[in-house]
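Notes follow once the structure below has been shown.
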Amino acid sequence: MINEKVLKALNEQVGKEIFSSYLYLSMASYFDSIDLLGFGKWMKVQAREELGHAMKIYEFIYERGGRVELPAIEKPQSNWESPLKAFEAAYNHERFITESINKIYSLAKEENDYATQEFLNWFVKEQVEEEAQTELILKKLQKLQDSPTALYMLDKEAGSRE
């Protein structure tokens with residue numbers, strides 16, 4: 001049976017992962033609306049990935065004999081000043097999710113919940129990748145210096161994400 005404190009934290013994380021999916025879908029809508037379809041595709045892939053993370057935690061809770069209680073999901077932001085600002089927001093959100101996963105890992109350690117620690121190892125590694133991917137695009141956008149040609153090329157590159 002899963003520890004109650006850990007269960008509460010995992011349920012909250014399911015909500016955070018669903019919100020992440022919702023946020024990235026909102027970012028995809030923003031990019032599509034300004035004809036940056038490559039960035040839009042990148043964000044749609046990211047949205048699906050985040051929903052997959054939520055479901056992974058959802059299934060783990062039931063494997064451990066717990067019950068998922070879904071929290072309310074707030075409305076995400078829908079407009080950004082620029083593609084740069086959108087990716088800054090995405091990168092900051094990934095850092096927030098990393099911090100959240102790390103807190104749950106620490107809680108599981110305090111509660112001697114070894115199964116949850118082992119389960120969360122995948123998420124710890126995944127967050128390194130999530131932050132790195134988002135930061136790479138952010139750094140490239142920072143270097144563009146308002147070049148429409150460079151933005152077009154980066155958009156095309158982002159659209160190749162599978």
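These numbers come from the heavy atoms of this one structure, side chains and all, not from hydrogens, waters or symmetry mates.
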Check this for me, if you would: do [X] and [Y] make a salt bridge, where the nitrogen-to-carboxylate-oxygen distance has to be below 4.0 angstrom?
X	Y	answer
D32	K44	yes
K41	E162	yes
E110	K5	no
R161	E49	yes

Single-linkage hydrophobic cluster, 4.5 Å side-chain cutoff, [X] and [Y] together:
X	Y	answer
I2	W122	yes
L154	L37	no
V45	Y30	no
M153	M43	no

From [X] atom [atom1] to [Y] atom [atom2], the distance as rounded to the nearest 0.5 Å:
X	Y	atom1	atom2	result
F123	I104	CZ	CD1	9.0 Å
Q127	H53	CD	NE2	7.0 Å
D113	M1	CG	CE	12.0 Å
L51	R48	CG	CZ	10.5 Å
E88	S82	CD	OG	7.0 Å

Candidate pair E12 and K8, rule salt bridge (charged side-chain N to carboxylate O under 4.0 Å, His left out), full reasoning = CA-CA 6 Å; E12 289 171 4; K8 182 177 187 286; 2.9 Å; yes

From R95, E94, K125, E135, residue fulfilling side-chain contact (heavy atoms from CB on, under 4.5 Å) relative to E130 = E94

Looking at every non-hydrogen atom in both residues, tell me the closest pair between [X] and [Y] and how far apart they are.
X	Y	result
F39	L141	CZ-CD2, 4.1 Å
N11	P71	O-CD, 3.9 Å
F119	I57	CZ-CA, 3.8 Å

key: Distance-only donor-acceptor check, side chains E50 and Q46, under 3.5 Å   =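 Looking only at side-chain atoms, Q46 and E50 do form a donor-acceptor pair, the distance falling under 3.5 Å.
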
key: Side chains of S26 and Q77, donor plus acceptor under 3.5 Å   =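 There is no such pair between these side chains.
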
ask   = Taking the six-membered ring for Trp, are H93 and Y24 parallel (under 30°), tilted (30 to 60°) or perpendicular (over 60°)?
value =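 Plane angle over 60°, so perpendicular.
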
request  = If the plane angle is over 60° it's perpendicular, under 30° parallel, otherwise tilted; pick one for F87 and F31.
outcome  =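 F87 vs F31 ring planes: tilted.
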
request  = Assess whether side chain to side chain contact (heavy atoms under 4.5 Å, CB included) is satisfied between E126 and I101, documenting all intermediate values.
outcome  = CA-CA 10 Å; E126 177 69 5; I101 295 290; over 6 Å; no

